[in-house]
Amino acid sequence: MIIVLAKIVAKEGMKNNIIKESKELIKKTRSEKGCVEYNLYDQLDEDNSLLFVEKWENKDCLTSHLNQVHFTKFSEAIEDYLAKELEISVYSSEPTNL
């Protein structure tokens, strides 16, 4: 499984614009092949920060997602709302028992 954490830092007053733009992206992404989970969270301890948490069956599914029209449209739509470049971390994981 591939896990992606993508931190977004919005310009002052722009966080709600990013949330609004993300709704269609989230809806369409969740129906993509190999998408296990795709959520956007508000980072409550950082006023202008949001965090996408994504789980994909494999790297090919993630790569396909990055080339989807709804993803590129979202990226372009939020460009002017960003205070800085996204911080993206990608991990490969295996299930384990506790």
Side-chain angles (χ1 to χ4, degrees):
M1 181 170 308
I2 302 297
I3 298 172
V4 179
L5 303 177
K7 181 178 179 178
I8 298 173
V9 179
K11 291 178 182 173
E12 190 67 39
M14 296 291 121
K15 184 163 75 171
N16 285 335
N17 293 13
I18 294 172
I19 293 169
K20 180 181 173 188
E21 293 290 345
S22 72
K23 290 180 181 186
E24 188 70 16
L25 169 70
I26 293 168
K27 180 181 175 183
K28 289 185 176 181
T29 298
R30 287 179 176 167
S31 67
E32 286 180 45
K33 179 182 182 221
C35 179
V36 176
E37 187 175 322
Y38 199 87
N39 295 299
L40 180 62
Y41 297 95
D42 190 347
Q43 293 199 267
L44 299 176
D45 60 336
E46 297 180 33
D47 288 342
N48 296 310
S49 295
L50 298 163
L51 183 68
F52 273 106
V53 177
E54 311 171 27
K55 293 181 185 176
W56 297 92
E57 288 180 6
N58 57 53
K59 191 174 178 180
D60 290 339
C61 295
L62 172 58
T63 300
S64 175
H65 165 66
L66 298 175
N67 293 306
Q68 297 296 316
V69 172
H70 54 269
F71 178 79
T72 56
K73 281 178 65 176
F74 171 77
S75 298
E76 292 168 3
I78 69 164
E79 199 170 281
D80 291 336
Y81 304 146
L82 300 177
K84 64 181 189 173
E85 193 171 317
L86 274 67
E87 298 172 27
I88 302 172
S89 302
V90 181
Y91 304 93
S92 177
S93 68
E94 298 176 9
T96 187
N97 294 323
L98 292 178

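In this chain, residues are counted from 1 in sequence order.
Between His65 and His70, the angle of the ring planes lies from 30° to 60°, which puts this pair in the tilted group.
Considering Lys11, Glu12, Lys15 as possible partners of Asn48, the one that fulfils the side chain to side chain donor-acceptor pair (under 3.5 Å) test is Glu12.
Side-chain contact between Leu62 and Glu32 is absent, with no heavy atoms from C-beta onward closer than 4.5 Å. Residues Phe52 and Leu25 are in side-chain contact: their nearest non-hydrogen atoms beyond the backbone lie under 4.5 Å apart. In this structure the side chain of Ser92 reaches within 4.5 angstrom of the side chain of Ile2, judged on heavy atoms. Side chains of Val53 and Leu5 form a contact here, defined as non-hydrogen atoms less than 4.5 Å apart.
Once rounded to the nearest 0.5 Å, the distance linking CD of Glu37 with CD of Glu54 reads 10.0 Å. Note that SG of Cys61 is 15.5 Å distant from NZ of Lys55, once rounded to the nearest 0.5 Å. Distance check, rounded to the nearest 0.5 Å: CG of Leu50 to CD1 of Ile19 gives 5.0 Å. Distance CG/Asp42 to CD1/Ile18: 11.0 Å, rounded to 0.5 Å. Note: Tyr38 OH to Arg30 CZ = 10.0 Å, rounded to the nearest 0.5 Å. Summarising the geometry, atom CG belonging to Leu51 is positioned 10.0 Å from atom CG belonging to Leu86; distances are rounded to the nearest 0.5 Å.
Ile88 is not connected to Tyr91 by any chain of hydrophobic side-chain contacts under 4.5 Å among Ile, Leu, Val, Met, Phe, Trp and Tyr, and they are in different clusters. Leu40 and Val36 are not part of a single hydrophobic cluster, where members link through side-chain heavy atoms under 4.5 Å apart. By the rule that hydrophobic residues join a cluster once side-chain heavy atoms approach within less than 4.5 Å of another member, Leu66 and Val69 end up as members of separate clusters.
A salt bridge links Lys7 to Glu46: one of the charged nitrogens lies within less than 4.0 Å of a carboxylate oxygen.
Residues Thr72 and Glu76 bring no donor and acceptor atom of their side chains to less than 3.5 Å of each other.
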In sequence, state the C-alpha distance, the side-chain angles, and the governing distance for Ser75 and Glu79, and then conclude on side chain to side chain donor-acceptor pair (under 3.5 Å). CA-CA 6 Å; Ser75 298; Glu79 199 170 281; over 6 Å; no
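Using modelled atom types, no side-chain atom of Thr29 and backbone atom of Ile26 make a donor-acceptor pair closer than 3.5 Å.
Other residues, nucleotides and ligands contribute over 12 non-hydrogen atoms within 6.0 Å of the CG atom of Asp45.
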